[in-house]
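Written out below as structure tokens is the structure these notes cover.
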Amino acid sequence: MADFLAKNIIKDFDTPEGPLRILDGVSVELDRGQSMAIVGPSGSGKSTFLHIAGTLDRASSGELSLQGVDPNGFSNPQLAQFRNEQIGFVFQEHYLLPQLSALENVLVPAVARGAVPGELRERAEELLAQVDLAERRDHRPAALSGGERQRVAVARALLMQPVLLLADEPTGSLDQKNAERVGQLLLDLQKTGDQILICVTHSDRLARKFEVQVSLENGQFLPRGSE
Ligand code: ADP
Ligand code: MG
């Protein structure tokens with residue numbers, strides 16, 4: 001079985017006019033080390049799919065598994081722990097905590113689990129060095145540029161060595177130069193960590209660098225280039 005499996009995912013949202021089908025049988029299989037870009041029109045359900053893949057939302061039906069584990073039967077606390085350990089998120093906005101330094105922000109996923117062991121602190125410092133921010137470790141977000149903040153968010157997403165890294169338009173708020181850099185960084189770090197990376201992007205340039213490329217249209221994944 002593939003490390004990440006989504007099979008026939010259907011998602012209906014309740015609306016005053018009745019159920020609205022956003023995902024209409026989405027399937028994908030990815031192994032560790034593989035990367036997939038999702039493109040598609042605004043409102044096509046790209047974020048909805050990432051939320052389901054990341055266990056932030058539940059599908060109306062369909063199968064999901066990460067390294068053979070089906071998170072569907074988990075209670076909310078179990079789900080929170082599973083997500084914290086197995087899944088890293090990068091969003092369009094960085095969501096850094098303004099009162100914390102860059103290093104402390106990277107450590108937030110560890111703090112969520114209690115005391116921070118020294119090895120995680122070391123890992124956080126290594127990650128900051130990998131995103132080229134070792135010298136900025138004590139800076140608060142307000143003292144960082146947009147690109148630097150997003151690089152801190154990437155380091156934070158990788159702290160717990162998640163199997164699955166999910167990015168929702170991670171370069172959408174950046175200028176082209178920084179977008180390029182953050183996109184490449186995600187791909188490089190994912191390869192180094194042997195993670196599965198699924199990234200939603202509007203950038204053709206970025207999407208082309210991914211091993212698997214799909215377009216989400218009418219609730220389904222189409223191989224990119226076929227549209
Ligand atoms: P994308 O990320 O591709 O722009 P989204 O996944 O955010 O699209 O949204 C897909 C569609 O689902 C949109 O039409 C949106 O309005 C709708 N939608 C998203 N979340 C909800 C919700 N909680 N309730 C009702 N409709 C929703
Ligand atoms: Mg979206």
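Index from 1, following the sequence. Just so you know, ligand 1 is whichever comes first in the structure, and atom 1 is the first atom listed for that ligand.
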Any side-chain donor near an acceptor of the partner, Thr55 and Arg83, under 3.5 Å: yes
For atom 20 (N) of ligand 1, closest protein heavy-atom neighbour: Phe13 CZ, 3.4 Å
Contact check, Ile22 vs ligand 1, heavy-atom distance below 4.0 Å: yes
Nearest-contact summary for atom 8 (O) of ligand 1 - protein heavy atom, Å: Gly45 N, 3.3 Å
Donor + acceptor pair across side chains of Gln195, Gln190 (<3.5 Å): no
Atom 16 (O) of ligand 1 protein-contacted, heavy-atom criterion under 4.0 angstrom: no
Ligand 1 N/O within reach of Lys46 N/O, cut-off under 3.5 Å: yes
Polar proximity ligand 1 side, Thr15 side, N/O cut 3.5 Å exclusive: no
Ligand-side contact atoms (ligand 1) for residue partner Pro41, heavy atom cut-off under 4.0 Å: 3 (O)
Atom 9 (O) of ligand 1: the protein heavy-atom neighbour that sits closest, reported with distance to 0.1 Å: Thr48 OG1, 3.8 Å
Whether Gly40 lies under 4.0 Å from ligand 1, heavy atom: no
Any non-hydrogen protein atom less than 4.0 Å away from atom 11 (C) of ligand 1: yes
Under 3.5 Å side-chain donor-acceptor pair for Asp168 and Ser47: yes
